[in-house]
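Working notes, beginning with the structure itself.
Everything numeric here is computed off the predicted structure, so don't read it as measured data.
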Amino acid sequence: MKWISANKRILEEDTVFVYYSDYFDLPEDPALEGIGDESSEEYEMLTLLSISKEISDKPVTCRVAADSGYVLWVNGTFIATGKFTDPFAGTLFDQAEITQALQPGRNQVMFLVSGTKQDTANLAFEIKAEDELLLASSASTRCAIGTQYKSGTMLFDYNAMDSGRLEWENATEGEEIQSVTIRTQRQMNILPRCDEQICAQGVYLNADSQNVSPALHMKRAYMAGLDIQEVCEDGFTFAAPSHILGDGMYVILDLGAQENGYFDLEMEAPTGTVVEIAFGEHLDDLRVRTSEEKERTTAIYRCKGEKVEHFTYYHAPVSCRYIQLFIASKKFMLYYAGLLPCRFNKEPVGHFTCDDIMHRMIYQTALRTEVLCMQEEIPELLANTTMPDLRNQLLCLYYTYGAYQYGRTILRFLAKRLRSDGLLEKRNPQCPDKLLPEDTLIWIIAVYEYVLYSGDLALAEEVFPAMERILRTFWLSAKGQDVLQTWRGREYGDLLGWKDANDCIGYDAPLTLLYIMALDGAARLAKWLNRTRKTEDDFDYREASAWYGMLCTSARDHFHKTFWNQELGCYASYKIEDAFYGASEAVQAFAVCADTVPETHKSILSDLLNKGIDQETPWMPVNADLLIYKYEALLALDNPITAILTHIQQRFGSMLMKGATTFWENEDGKTGNRCYGSGGIPIIIYFRHLLGAKPLLPGFDDFTFTPKASGFACSGIIPRPNQDTPLEIRISPEGFEVK
């Protein structure tokens with residue numbers, strides 16, 4: 001099997017879509033001869049029987065890999081879409097069964113691949129019936145530029161009038177593929193259309209917004225709402241009354257809840273009608289809010305003018321609750337505009353329930369939030385998720401879905417993105433031009449937690465060289481000190497956003513604390529790996545464990561005396577020479593979680609995290625994605641869990657009272673995302689502290705059981721991958737039961 005690509009001379013845009021087409025034959029069934037009308041039910045039935053007879057014992061599968069995204073059709077039937085390739089595992093192939101789309105005689109396979117001038121939309125595929133090769137990518141495969149797609153900042157700009165104007169030529173044959181890894185089990189399924197209903201409609205009038213982006217146009221245009229009876233003649237046909245002025249009609253559709261999936265449109269309109277599309281999460285502005293900065297908030301579809309035309313954009317999922325259409329026509333028929341939901345294909349194996357109705361609702365919504373935040377396209381997920389948020393998401397999924405393979409794929413992918421400066425190439429979406437050293441340390445913590453929950457020491461062994469190099473880099477950067485300095489260089493930022501406002505480089509408390517937690521996790525991993533050593537020639541994990549443990553202990557001992565600010569009565573975020581700067585909840589919480597706080601100061605931090613600082617000083621509250629550290633710190637300081645549960649009710653329950661179907665990044669819902677991975681933080685509290693189970697050894701081979709008294713009954717099931725049976729826990733005010 002070989003790579004194929006489009007000829008460079010036909011690639012004109014920065015981003016292009018390339019079609020590849022090829023054919024293979026299946027034997028005709030003699031029973032089909034003389035049937036006559038190929039559209040008859042008898043012919044269709046015999047066709048199905050023929051296919052079943054020929055290949056029932058040999059399911060036909062297609063293996064496909066692409067540099068970027070691909071979509072696969074067989075005989076016009078959609079089969080699969082994918083975007084994630086793993087350059088560190090050779091070539092990662094998706095494998096899909098295509099039997100259901102086959103027919104006797106000639107069969108067409110078609111791919112649509114996205115690419116750039118640099119990668120020329122490379123593709124490789126093969127079709128097999130068990131071991132029999134039916135077709136493979138080669139120079140005989142035909143290719144054509146998908147001219148109906150335009151590159152730009154929108155989700156898509158698609159001209160259906162160009163859909164049949166493809167100029168085909170032979171593909172360019174490339175290198176033979178040496179290493180193949182098959183992803184036989186896709187983690188996400190595409191479901192049938194979600195329900196939608198029209199919640200607003202009317203006409204729009206352009207407000208000096210010609211020749212601007214759809215995002216600006218849909219912000220500036222005047223919108224006049226009309227009753228559905230005024231504009232909908234027969235339930236499907238929209239028509240603006242002749243006496244009403246306007247440049248087109250708008251429709252806003254409500255999916256009923258936040259969804260994640262592929263945009264699907266079915267409508268009828270005059271040839272050339274421009275449909276501008278906006279995807280949004282709320283209607284607080286009385287229209288779907290659009291943004292020029294966020295590429296996926298808008299799109300354009302230009303109608304071909306057929307009686308009914310159907311379009312699905314399979315190249316990238318979109319997350320939204322509301323869809324707004326600006327249709328530049330006074331009459332059209334809209335059959336559907338919504339999403340094909342994309343869902344994790346597993347059922348939960350961990351469960352939680354309780355007597356408190358609010359907390360049950362919070363748990364169910366938090367679980368839905370985490371599922372909608374999952375993405376199979378790992379690079380895209382990492383580009384849109386902060387590292388603390390990713391850690392929250394993974395912990396939630398371990399407890400609920402036992403989604404260890406999902407965590408393994410992400411953490412392994414990151415390990416292979418180790419840079420020459422000893423940091424991982426993981427950008428923070430809130431400041432994509434900066435690299436945060438803290439994110440690399442959180443990755444080490446996440447690897448330790450993954451092994452703790454999954455028992456997968458094989459991954460720990462694979463990525464340990466990367467961990468060793470990272471920790472050595474941080475140790476060398478300390479230059480003999482036990483606390484770390486803020487990372488030097490304009491390319492680097494810091495977790496609390498302080499560095500950009502200060503030119504001086506000083507000692508960095510949050511970086512030091514995460515360094516301590518990373519050292520502790522690495523020391524434990526090395527200790528476990530030492531038990532699996534086969535020979536004395538293997539890497540000396542015992543020595544590594546002792547070294548990391550010593551560095552961790554020394555840094556813990558020096559942290560308090562370096563960063564304690566006696567005047568404010570808390571830990572400073574930064575120290576330059578003898579001056580302290582910054583006071584934040586995150587640093588106080590990190591200090592407790594890293595076990596650096598002397599007994600004499602724990603009550604002080606407990607009061608601070610409960611009440612905040614009263615003095616007139618900048619006090620930075622903890623971000624949403626770091627909230628779990630505050631909860632864990634308060635519980636470690638022996639605060640009652642009822643206080644945490646009350647805060648969860650106030651923060652997350654208030655969103656439910658505002659109609660949230662997923663948890664938001666910010667409580668008001670007006671800023672940030674309305675489906676945010678840290679919305680799953682209550683799940684961690686429920687499983688770890690209400691049910692009280694936390695692993696001590698890999699795979700839950702051993703665990704602590706310390707349930708907190710909440711005042712209400714709760715029960716749950718916690719998966720244990722190294723054991724045949726999960727933990728079943730029941731807690732009530734009268735006692736508990738563990739199986």
Side-chain angles (χ1 to χ4, degrees), residues 256-260 343-344 346-374 389 391-403 406-407 453 624-625 627-628 630-632 634-635 640-665 667 669 673-695 705-720 726-733 736-738:
Q258 186 80 9
E259 284 290 354
N260 184 58
R343 289 287 191 280
F344 191 47
K346 277 186 161 185
E347 292 297 319
V349 293
H351 300 276
F352 171 83
T353 189
C354 65
D355 288 349
D356 188 283
I357 296 175
M358 177 62 79
H359 284 291
R360 282 208 309 272
M361 292 175 61
I362 290 172
Y363 173 75
Q364 293 162 3
T365 306
L367 187 59
R368 187 171 189 275
T369 302
E370 294 308 317
V371 171
L372 289 185
C373 285
M374 296 179 73
D389 197 42
R391 173 183 174 260
N392 292 327
Q393 184 184 9
L394 293 179
L395 283 173
C396 294
L397 294 172
Y398 299 155
Y399 271 121
T400 54
Y401 281 87
Y406 183 73
Y453 282 84
D625 52 5
L627 184 60
I628 186 62
K630 179 177 178 179
Y631 288 164
E632 295 280 9
L634 284 169
L635 291 169
I641 197 171
T642 50
I644 309 298
L645 296 175
T646 298
H647 188 273
I648 288 175
Q649 280 186 317
Q650 291 171 347
R651 177 180 172 81
F652 296 93
S654 67
M655 298 183 205
L656 295 180
M657 296 300 101
K658 295 173 184 175
T661 58
T662 52
F663 286 131
W664 311 332
E665 182 176 356
E667 292 179 60
N673 298 314
R674 281 205 165 192
C675 187
Y676 197 63
S678 292
I681 285 175
I683 293 175
I684 304 173
I685 298 300
Y686 296 151
F687 278 92
R688 270 190 178 177
H689 300 288
L690 277 186
L691 298 182
K694 184 178 179 181
F705 178 63
T706 53
K708 307 285 187 182
S710 63
F712 53 79
C714 59
S715 62
I717 297 174
I718 299 176
R720 292 191 299 166
L727 284 175
E728 295 185 35
I729 300 173
R730 299 180 185 277
I731 309 289
S732 71
F736 62 85
E737 180 183 0
V738 181

Look only at the side chain of [X] and the backbone of [Y], and say whether a donor-acceptor pair between them is shorter than 3.5 Å.
X	Y	result
N392	D625	yes
K694	T706	no
E370	G680	yes
T365	F663	no
N673	C675	no

[X] to [Y] - nearest heavy-atom pair and separation:
X	Y	answer
Q649	I362	CA-CD1, 4.1 Å
E665	R651	O-NH2, 3.2 Å
Q393	Y406	NE2-OH, 3.8 Å
G711	P733	O-CG, 4.1 Å

Atom [atom1] of [X] and atom [atom2] of [Y]: how far apart are they, to the nearest 0.5 Å?
X	Y	atom1	atom2	result
L372	T662	CG	OG1	6.5 Å
L691	F705	CG	CZ	8.0 Å
I717	T353	CD1	OG1	11.0 Å
I685	Y363	CD1	OH	14.0 Å

ask   = Aromatic ring centroids of Y399 and F352 under 6.0 Å?
value =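 No, the ring centres sit 6.0 Å or more apart.
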key: Output field: ring centroids F712/H359 closer than 6.0 Å   =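 F712 vs H359: aromatic centres under 6.0 Å.
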key: Over 12 non-hydrogen atoms of neighbours within 6.0 angstrom of CZ in R360   =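 Yes, enclosed.
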task = Would you please test Y686 and T400 for side-chain contact (heavy atoms from CB on, under 4.5 Å) and show each step?
result = CA-CA 11 Å; Y686 296 151; T400 54; over 6 Å; no
query = S678 and D389: side-chain donor and acceptor closer than 3.5 Å?
reply =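 Short answer, yes.
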